[in-house]
Amino acid sequence: MGIRFTKAGVIYIILTIFMGFSAINTNNNLVFLVVSFMLAIMGISGFLGKANIEKLNVRIHPVEDPFAKRGSRFILEIKNGKRYLPSILLKTNLRDREITFIILKPLSSIRQETILKFDRRGRILLDDVMVSSPFPFNFFVRYKKYHINEEIIVFPEIGEKSFFNFNRNAEENTTSTNDKITMKLEELSNIRSYSNDPAKRIFWKQFAKTGELYTKEYTGEDSESFRLYFEDILKLYPLEEAIKIATKTVLEAYNNSIPLTFTISNETYNVKTDADKRSVLKRLALYDA
Amino acid sequence: MMLRRLIDLGITSLVIISVISVVKYVSFPYFLPLIASLIFNLYSRKTLNRHVLTAVAIFLTIFIAFNTTLNTLVNNLMKVIIIFISIKLLEEKRYRDYMQIITLSIFLITSSALLNINMIFLFYIITSIFLVNFLIILLTIYDNLPEYSLNREELKEIFYKTAIIPIFSIPFAILLFFIIPRTSTPLFDFINREDVAKTGFTSKIGLGGVSTIQETETIAFRAIMKEVDPSKLYWRGVVFDIYRDGSWHSSNRTNRINFTIKGGESISYEIYFEPTYDKYLITLDKPVDLKFQGTLTKTENLEFLTTNVISKKIHYNGSSILTESFLDIDSDITHSKDKKGITDSIFALAKSLKKENDTETINNILKYLKENYRYSLTDLPSGKSPVEEFLFRNKKGNCEYFASAMALLLRANDIPARLVGGFLGGYYNKNAGYYAISNKNAHVWVEALVNNRWIRLDPTPASISSFTQRDLLSLKMKFKIYLDYISFYWTKFIINYDLQTQMELAVKFTTNFKTVKIKPDKITNYTLISIILLALTSFLFIKNKRNTPSYFINKFYKILSEKGINIDPSIPIMRNIDRIDDEKLKKESKKFAEEINKMLFKDGKLEKNTLQTILKNIKRL
């Protein structure tokens with residue numbers, strides 16, 4: 001709990017001192033009465049200001065899956081645990097995002113949406129929310145840290161590249177991950193290490209780059225779904241880039257209802273449902289983190 | 001409702017209250033621009049140029065400053081504040097500007113306290129505190145969210161719940177008022193003075209002057225003392241010993257004082273005196289001692305005068321002996337035997353009333369006046385010689401005519417005589433133990449010197465009851481006397497509270513605290529009994545309430561609410577428990593519900609201890 005005086009508050013203190021001097025020097029008891037009221041109000045308002053940000057319960061819930069490097073919607077909920085007093089003009093600050101709540105009645109709660117952005121994938125602990133308020137008179141701002149201790153898993157950043165090649169324009173590419181877009185699909189399903197495969201399947205482009213042989217796998221009568229080995233992507237790209245590509249690929253597969261089998265560290269996921277998709281993204285988020 | 005609109009309405013109300021508090025000290029033309037500004041502020045969205053307005057304000061302030069003297073300092077300060085408020089209302093207003101208007105309004109109300117110590121100030125200050133409280137809260141919201149519009153419910157919640165600030169600040173302020181240190185040497189004591197006409201007795205009084213005093217239905221002073229025989233309640237003020245051209249003067253000599261006052265009941269009293277803008281203090285006839293915080297002068301005529309005029313409410317302690325005469329050896333009777341102003345016809349009347357000795361002559365004059373003249377407050381004698389007019393033509397008058405006639409008739413018979421101006425009677429307030437003496441009680445009587453003793457003679461036929469019985473007062477005055485209780489305490493505890501009282505209070509407090517020797521009076525006893533009864537009733541009520549299931553259910557919901565669970569008291573308890581995510585909390589809560597259900601639907605016995613233990617466990621989780 002802390003307190004910071006505002007300019008108006010400092011002026012009020014100076015005025016009270018001035019009135020105090022006037023009272024003493026005129027020996028007028030009515031001026032003393034005004035000073036007494038000024039001091040009393042200062043005291044009572046200080047007490048009320050303190051009570052205003054006390055007994056609150058702050059919680060945060062994600063509205064959508066948070067991905068690194070892009071804003072995600074969260075709901076911030078504040079509950080006033082006070083039996084009689086409302087909380088007025090509350091300001092919350094969480095990861096530099098400020099939300100203002102005008103009035104929160106006793107024993108009631110209020111929710112407001114906020115956008116949070118995370119720089120990296122993995123487990124992120126939302127530990128504290130700073131609640132402050134200039135209530136009642138804007139003479140001082142009281143603030144108090146509330147522990148929320150909410151651990152969230154931030155999914156990896158969605159990369160530009162994917163193993164699917166869709167004909168779509170750049171604008172569509174930047175919108176929400178949940179949007180399903182009509183796409184034309186090429187039949188590439190996987191890239192894996194070379195193992196006596198026909199020459200036409202060799203990924204020559206990659207050979208030219210790295211000197212190692214890879215085989216392109218295509219969908220056809222012999223395979224029911226696309227297969228993607230994360231460790232194979234890792235052979236082509238640095239870790240973070242590989243994770244981004246995998247994320248993009250998984251999302252595109254899910255959004256376009258393309259059956260995908262994703263293998264990472266010997267764990268295999270069939271991405272069919274939303275839960276499957278989220279399991280894969282969680283695995284990717286926590287990979288080596 | 002839009003915040004801005006609400007704020008403007010609040011500001012208008014505040015400015016109106018502050019202006020009413022000073023309306024009698026500032027000339028009307030100053031209010032015209034203010035009224036225009038208030039209307040402009042409420043109905044126009046336009047604002048005027050800030051720089052131009054500031055220049056106008058500064059110019060007017062300089063103009064007023066040049067015309068300021070010490071006597072007009074506060075009045076001119078009020079004018080400047082009014083000008084600044086008018087100008088601020090015309091400007092574009094943000095949080096800062098509104099705060100400036102609020103500050104100026106409070107200054108205006110406070111400045112009224114420098115000229116007026118009436119209890120109405122309390123009304124102004126408390127009303128404005130409630131208003132300012134609400135206004136600043138709205139301004140705080142406005143400063144943070146200017147476009148926000150509060151709905152009726154939100155407004156009600158803010159208004160009612162934040163009213164606790166001014167409500168709680170009242171007792172707190174009263175406590176602070178008594179604690180804040182006072183000084184015995186204020187620098188600007190001269191400011192506390194209202195430029196008003198003198199009230200009450202002065203050193204010179206023309207015939208008919210007392211009736212003017214009697215016309216003002218205000219309290220002249222209050223005296224805390226025991227109740228005494230009303231016929232002995234003569235309050236001594238000014239002694240008039242010089243008669244010239246139909247008016248009486250006081251010689252105010254202080255050279256020779258040789259009084260012996262004894263032989264009657266001794267009375268101590270404390271007087272709370274209203275400002276008279278003169279120097280005479282009132283004492284109970286005959287005063288033997290007077291204690292006053294300031295310099296006093298005792299005159300040969302047994303008067304008490306202060307050095308400076310009494311411009312504020314003061315209080316002093318006195319002791320008197322209730323006797324009708326006192327010994328004054330070698331009394332200087334230069335003035336009291338002076339026959340100037342006595343006409344031939346008065347001389348002739350005096351001679352006809354003369355008896356064998358002074359005492360008999362006195363009694364005869366008293367008898368003559370009481371039997372042949374009528375008491376009246378209207379149609380009083382006037383003219384060049386009002387006493388002659390009274391004695392021979394009009395034959396009716398009030399106390400001053402009777403007393404003047406008697407004094408002159410005595411002087412004509414070589415008996416030294418003088419007039420004493422003061423008050424007669426008073427209205428006793430049994431609960432507070434004080435006499436309220438109004439200006440209606442103003443009275444004049446005669447003192448005659450016989451055998452070196454000044455004897456009090458009251459020739460006025462008006463019954464003493466007209467100076468002591470409330471039934472004879474006008475309805476307005478009756479009401480005033482009834483409400484005087486409040487006014488008396490206002491004067492005693494607020495207006496007259498000073499360094500000395502503060503020190504006495506501190507000593508009293510520490511002594512009482514050390515010795516625990518409290519002597520409660522009737523009121524204290526009643527208050528204590530009421531508090532004890534109230535506490536007992538509350539205790540029984542709470543105890544009884546604690547034996548009901550709803551008390552425990554409410555407590556349970558409160559704990560859950562504090563833990564962030566969304567509780568709906570209108571649905572069954574189990575459905576509320578279903579909302580809990582935390583398994584441990586859910587388990588404990590179910591235990592509580594089971595216990596309550598058992599009580600409600602099975603044996604009906606309330607296991608208070610079990611419920612309390614469960615609640616404690618839930619709280620700990």
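Residue numbers start from 1 in every chain, and the chains themselves are labelled A, B, ... in the order their sequence lines are given, proteins ahead of strands.
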What part of [X] gets closer than 4.5 Å to chain B, counting heavy atoms only: side chain, backbone, both or neither?
X       : answer
A/Phe21 : neither
A/Tyr84 : both
A/Ile78 : neither
A/Asn57 : side chain
A/Leu89 : side chain
A/Met38 : neither

Please report the shortest heavy-atom distance between A/Leu90 and A/Asn52, naming the atom on each side. CD2-O, 3.9 Å

Does anything in residues 86-101 of chain A pair up under salt bridge (Lys or Arg N to Asp or Glu O under 4.0 Å), and if so which pairs, sequence neighbours excluded? none

How would you list all residue pairs meeting salt bridge (Lys or Arg N to Asp or Glu O under 4.0 Å) that involve residues 99-111 of chain B, not counting sequence neighbours? none

Would A/Thr273 and A/Asp276 count as having a side-chain donor-acceptor pair, cut-off 3.5 Å? yes

Using non-hydrogen atoms only, which part of [X] is less than 4.5 Å away from chain A: side chain, backbone, both, or neither?
X        : answer
B/Ile137 : both
B/Thr103 : side chain
B/Ile129 : side chain

Pi-cation contact, A/Tyr287 with A/Arg283 (under 6.0 Å, within 45°): no

Scored by heavy-atom pairs under 4.5 Å with chain B, the best of A/Leu107, A/Leu33, A/Leu48 is A/Leu33

Can you check whether B/Phe159 and B/Phe134 have ring centres sitting under 6.0 Å from each other? yes

Quick check for you: among B/Leu122, B/Asn133, B/Leu175, which has the greatest number of heavy-atom pairs under 4.5 Å with chain A? B/Asn133

